[in-house]
Enquirer: 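Provided herewith is a single structure, encoded as structure tokens, for subsequent inquiry.
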Number of protein chains: 2
Amino acid sequence: MADHVSGKRLQRAELARHTGCNLETIRYYEKTGMMPDPPRTASGYRVYDDAHISRLRFILRARELGFSIEQIRGLLELVDGGTQTCAEVKERTEQHLADVRAKIDDLKRIEKVLATTAAQCSGEDIPECPVLEALAS
Amino acid sequence: MADHVSGKRLQRAELARHTGCNLETIRYYEKTGMMPDPPRTASGYRVYDDAHISRLRFILRARELGFSIEQIRGLLELVDGGTQTCAEVKERTEQHLADVRAKIDDLKRIEKVLATTAAQCSGEDIPECPVLEALAS
DNA sequence: CTACGGTCTGTAGTAACTACAGACTCAAGG
DNA sequence: CCTTGAGTCTGTAGTTACTACAGACCGTAG
């Protein structure tokens, strides 16, 4: 059989450590509804499981990728499913998709410029730096 | 000859309109040193040129891509050149490059999931949604 | 020359966290 | 059993990165 590991229960500091999240941010995300209110022990301590870890990691990474709280809320609603029709989901998914692809394109341009810069910059003074020109157009 | 267009002088509201930036954010970026203090008219009005537009666009897009103010400051220092040695520039560029590539990878994973979701979601109820699983690992 | 729109500064408000204060819980040690 | 220290609880206050507003000044069209 599989091991018993997926039943692990964590408390808040452990969840923070597993995800790299600030301790207080977890509470903030619960207060604002991004994270579900976790079950509590008899004495009121929050208990988390693997699903909480996944969801929190997703939120944190999405934030690092420049999605706003509202956008992430939208993505999570897709995940959470529920009240929306399939047509709505499809439309919103494609909206997000366009957004993501635009980000990828921009990042690729930045990547190219940085790679070029790094290559050019092999011992000499930096040349007329083309970073701004490449990115700001 | 080339045209005379590159000598255009803008004031703050025009710069905001050209870049989609909030009017006040421009002043904020000047106060915090991301944007240079622009020249002023005799009566104290700020005047901007094309270089300001480029730099501001870069900052705005970098923010949308999830770079922190400090990271952008780092990127701009590469552009601004000045006091640093070529070795420093190279190292920092490669650091940024790794960061950018990680973002691209993550966004591509999100893209894939969203595309799959959009494809699956063509008239039926949403299946067990794999978004979290794909992203949170 | 005045109306009205744009700009100036400083300051106050908002979003998304982040830190702190004081009370409670709980496992370990004596 | 009792203490002690580390972890948790709540509410609230502080920080960062903007965003909006107030009151005074500028500038140009009628």
Side-chain angles (χ1 to χ4, degrees), chain A residues 8-49 52-53 55-77 99 103 136, chain B residues 8-49 52-53 55-77 99 103 136:
Chain A
K8 247 190 301 183
R9 309 284 143 173
L10 316 174
Q11 48 187 59
R12 195 152 55 106
E14 292 168 323
L15 177 59
R17 213 166 36 246
H18 273 69
T19 55
C21 184
N22 179 290
L23 187 64
E24 301 294 324
T25 304
I26 296 169
R27 198 156 60 99
Y28 173 75
Y29 285 153
E30 287 164 11
K31 194 169 59 184
T32 56
M34 317 263 306
M35 290 287 289
D37 284 346
R40 305 282 184 124
T41 66
S43 54
Y45 282 26
R46 292 162 177 85
V47 291
Y48 300 98
D49 60 22
H52 291 101
I53 298 181
R55 193 182 180 96
L56 183 53
R57 282 206 181 120
F58 174 76
I59 294 170
L60 294 171
R61 191 60 184 146
R63 287 295 288 139
E64 285 176 14
L65 294 171
F67 293 97
S68 73
I69 295 292
E70 274 320 300
Q71 286 173 316
I72 295 172
R73 220 185 279 278
L75 287 165
L76 288 173
E77 273 171 29
D99 191 20
K103 279 177 193 278
Chain B
K8 248 188 303 182
R9 311 283 142 172
L10 316 174
Q11 47 186 54
R12 194 149 57 107
E14 293 168 324
L15 177 58
R17 214 168 35 249
H18 274 70
T19 55
C21 185
N22 180 289
L23 187 63
E24 302 295 324
T25 304
I26 296 169
R27 198 157 60 99
Y28 173 74
Y29 284 153
E30 288 164 10
K31 196 169 58 184
T32 55
M34 318 262 306
M35 291 288 289
D37 283 347
R40 305 281 184 123
T41 66
S43 54
Y45 282 26
R46 291 162 176 84
V47 291
Y48 301 98
D49 60 21
H52 292 100
I53 298 180
R55 193 183 178 96
L56 183 53
R57 283 208 180 117
F58 174 76
I59 294 169
L60 294 170
R61 192 60 183 145
R63 288 294 289 141
E64 285 176 14
L65 293 171
F67 293 97
S68 73
I69 295 291
E70 275 319 301
Q71 286 173 316
I72 295 172
R73 220 183 278 278
L75 287 164
L76 288 173
E77 274 172 30
D99 190 22
K103 278 177 195 279

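Just so we're clear, the structure is a prediction, and the values are computed from it rather than from any experiment. Chain A is the first sequence line, chain B the second, and so forth, proteins listed ahead of strands; every chain is numbered from 1.
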Enquirer: Given atom OH of B/Y48 and atom C1' of C/dG6, what is their separation to the nearest angstrom?
Expert: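 Taking atom C1' of C/dG6 as the reference, OH of B/Y48 is at 13 Å.
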Enquirer: Please evaluate the base of C/dG6 for a donor-acceptor partner in the side chain of B/R46 within a cut-off of under 3.5 Å?
Expert: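 Flag unset: no donor-acceptor pair detected.
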Enquirer: Between P on D/dT16 and CD on B/Q71, what's the gap in Å once rounded to a whole number?
Expert: 16 Å
Enquirer: Whether the side chain of B/R12 engages the backbone of B/Y45 through a donor-acceptor N/O pair (distance < 3.5 Å, no angle test) should be reported.
Expert: no
Enquirer: Rounded off to whole Å, could you give me the CD1-to-C1' distance for the A/I69 and C/dC17 pair?
Expert: 9 Å
Enquirer: Should B/E14 and B/K8 count as an ion pair when the cut-off is N to O under 4.0 Å?
Expert: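 B/K8 and B/E14: not salt-bridged.
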Enquirer: Give the rounded distance in Å between these two atoms: CG of A/L23 and P of D/dG11.
Expert: 16 Å
Enquirer: If you find the nucleotide of DNA chain D closest to B/M34 and the one closest to A/A13, which residue's nucleotide is nearer the 5' end?
Expert: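 On the 5' side of the pair lies A/A13.
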Enquirer: D/dC18 phosphate, OP1 or OP2: any side-chain N/O from B/T25 under 4.0 angstrom?
Expert: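 No, outside the criterion.
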Enquirer: Would you indicate whether the side-chain heavy atoms of B/I26 and B/L15 approach each other to under 4.5 Å?
Expert: yes
Enquirer: Can you tell me the distance, in whole Å, between the CZ atom of A/R27 and the P atom of D/dT10?
Expert: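 My rounded result for the distance is 7 Å.
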Enquirer: Which nucleotide sits closest to the side chain of B/R12: D/dT8, C/dC8, C/dT25?
Expert: C/dC8
Enquirer: Mind checking B/R63 for me? I need base, sugar-phosphate or nothing, with any heavy atom below 4.0 Å counting as a touch.
Expert: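 B/R63: backbone/sugar contact only, no base atoms under 4.0 Å.
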Enquirer: Nearest to the side chain of A/Y45, which nucleotide is it out of D/dT8, C/dC17, D/dC21?
Expert: D/dT8
Enquirer: Report yes if some heavy atom in the side chain of B/M34 is under 4.5 Å from a heavy atom in the side chain of B/L56; otherwise report no.
Expert: no
Enquirer: Here's a test of your reading of the structure: between A/E24 and A/S68, which maps to the more 5' nucleotide of DNA chain C?
Expert: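 With A/E24 and A/S68 compared, the 5'-side residue is A/S68.
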Enquirer: Distance check needed: C/dC17 P versus A/Y28 OH, whole Å only.
Expert: 6 Å
Enquirer: Do the side chains of B/N22 and B/Y28 get nearer than 4.5 Å, heavy atoms only?
Expert: no
Enquirer: Could you check how far CD1 of B/I59 sits from P of D/dA17, rounded to whole Å?
Expert: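 Whole-Å distance recorded here is 13 Å.
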Enquirer: Roughly how many Å is it from CZ in B/R40 to C1' in C/dT7, rounded to a whole number?
Expert: 10 Å
Enquirer: Identify which nucleotide among D/dT19, C/dT7, C/dG10 has an atom closest to any side-chain atom of B/N22, counting heavy atoms from C-beta outward.
Expert: D/dT19
Enquirer: Less than 4.0 angstrom between a side-chain N/O of A/S43 and OP1 or OP2 of C/dC26, yes or no?
Expert: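 Answer is yes, contact under 4.0 Å.
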